[in-house]
Amino acid sequence: GAKAHRIWVGTYEIEGKYPFLSIPSSTFYPSQCQHCANAPCEEVCPTHATYYDKNGVVQIDAQKCILCSYCMVACPYDARYVDTRTMSVDKCNFCSDTRLARGLKTTACQATCPTKVRIFGDMEDPNSEVSHILRTKEHFTLKAGIGTEPRLFYIK
Ligand code: SF4
Ligand code: SF4
């Protein structure tokens, strides 16, 4: 369905302030579940269907989900939707049950991105490409002020 996407591409204005938008200019940003270190979705889930796995990835156990939709309301990034095939809530899980489970080191979105916008990796490994980029390039997170501590970073 139209709203059932694990990832999406948004647009926003980047130049000028209303009402002085002389030549509207927009940029694109891919987005998805931010895998927050302080995730409101995990906090409100009454059945612990939403949980952190050993890698710190926010996961959903479809068997435990009772479709109360608390997590959908709590998520500030609108990252969750109802998967009508499993009748549970779903979202990006960093390909944990597919590619990573098969021993691959990349997510599907990273592997297929034609311009290599996306980089996925282990932030706790100081030698990973992700760690190197976070040390050397200016970056930001979405809605940084609300305390969710996203682990999806955007390079400026
Ligand atoms: S982005 Fe939303 S669904 Fe993902 S961890 Fe954060 S609060 Fe949960
Ligand atoms: S819809 Fe499922 S995952 Fe979300 S809060 Fe309710 S039980 Fe937890």
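The structure displayed is predicted, hence computed values, not measured ones. Read the numbers this way: they start at 1 and go in the same order the structure lists the ligands and their atoms. The basis for the numbers below is simple: all heavy atoms, side chains too, and nothing from hydrogens, waters or symmetry mates.
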- Item | Protein contact of atom 6 (Fe) of ligand 2 - nearest heavy atom, named by residue and atom, plus distance | Cys68 SG, 2.3 Å

- Task: State, with a plain yes or no, whether a side-chain heavy atom of Arg80 is found less than 4.5 Å away from one of Asp90.
- Result: no

- Query: Taking the side chain as C-beta and beyond, is there a heavy-atom pair between Pro30 and Cys109 under 4.5 Å?
  - Reply: no

- Note on the structure: One finds that the ligand 1 atoms under 4.0 Å from a non-hydrogen atom of Lys91 are 3 (S)

- Sub-4.0 Å atoms of ligand 2 with respect to non-hydrogen atoms of Cys71: 1 (S), 3 (S), 4 (Fe), 5 (S)

- Pro46 near ligand 2, heavy-atom distance under 4.0 Å? yes

- Near atom 6 (Fe) of ligand 2, is there an N/O/S atom from Cys65 that is less than 2.8 Å away? no

- Query: Is any protein N, O or S atom closer than 2.8 Å to atom 6 (Fe) of ligand 1, and if so, which?
  - Reply: Cys36 SG

- Task: State, yes or no, whether a side-chain contact exists between Tyr77 and Ser31 at a heavy-atom distance under 4.5 Å.
- Result: no

- Message: Tell me the contacting part of Glu42 for ligand 1: side chain, backbone, both, or neither, using a 4.0 Å heavy-atom threshold, strictly below.
- Response: neither

- Item | Residue Thr50 vicinity, atoms of ligand 2 by number, heavy atom under 4.0 Å | 3 (S)

- Within a distance under 4.0 Å of any heavy atom of Val89, pick out the atoms of ligand 2 and give their elements. 1 (S)

- Item | Which of the ligand 2 atoms, numbered from 1, are nearer than 4.0 Å to a heavy atom of Ser69 | 1 (S), 6 (Fe)

- Message: Side chains of Ile60 and Asn93, heavy atoms from C-beta outward: is any pair under 4.5 Å?
- Response: no

- Honestly, for Ile66 the part within reach of ligand 2 (heavy atoms, under 4.0 Å) is both

- Message: Could you walk me through whether Arg99 and Gln110 satisfy the side chain to side chain donor-acceptor pair (under 3.5 Å) test, starting with their C-alpha distance in whole Å, then the side-chain angles of each, then the deciding distance to 0.1 Å, before giving a yes or no?
- Response: CA-CA 11 Å; Arg99 296 176 62 87; Gln110 179 186 358; over 6 Å; no

- Message: Checking the side chain of Ser128 only, and the main-chain atoms of Ser131 only, is there a donor and an acceptor separated by less than 3.5 Å?
- Response: yes

- Task: Please check if any side-chain donor atom of Asp53 sits under 3.5 Å from a side-chain acceptor atom of Gln59, or the reverse.
- Result: yes

- Item | Cys45 neighbourhood, listing ligand 2 atoms whose heavy-atom distance to it stays under 4.0 Å | 3 (S), 5 (S), 7 (S), 8 (Fe)

- Message: In the structure I gave you, are the side-chain heavy atoms of Tyr52 and Val58 within less than 4.5 Å of one another anywhere?
- Response: yes

- Task: Please confirm whether Val44 comes under 4.0 Å of ligand 2, counting heavy atoms of the residue only.
- Result: no

- Message: For a 4.5 angstrom cut-off between non-hydrogen side-chain atoms, does Val130 reach Phe120?
- Response: no

- Are any of the side-chain heavy atoms of Thr141 and Phe153 separated by less than 4.5 Å? yes

- Message: Show the atoms of ligand 2 that are less than 4.0 angstrom away from any heavy atom in Thr47.
- Response: 7 (S)

- Task: Give a yes or no answer on whether the side chain of Lys137 reaches the backbone of Lys156 with a donor-acceptor pair at less than 3.5 Å.
- Result: no

- Query: Would you call the rings of Phe140 and Tyr154 parallel, tilted or perpendicular, where under 30° means parallel and over 60° means perpendicular?
  - Reply: parallel

- Query: With a cut-off of 4.0 Å, which atoms of ligand 1 are near a heavy atom of Arg80?
  - Reply: 3 (S)

- Item | Heavy-atom check, side chain of Thr107 versus side chain of Arg118, under 4.5 Å | no

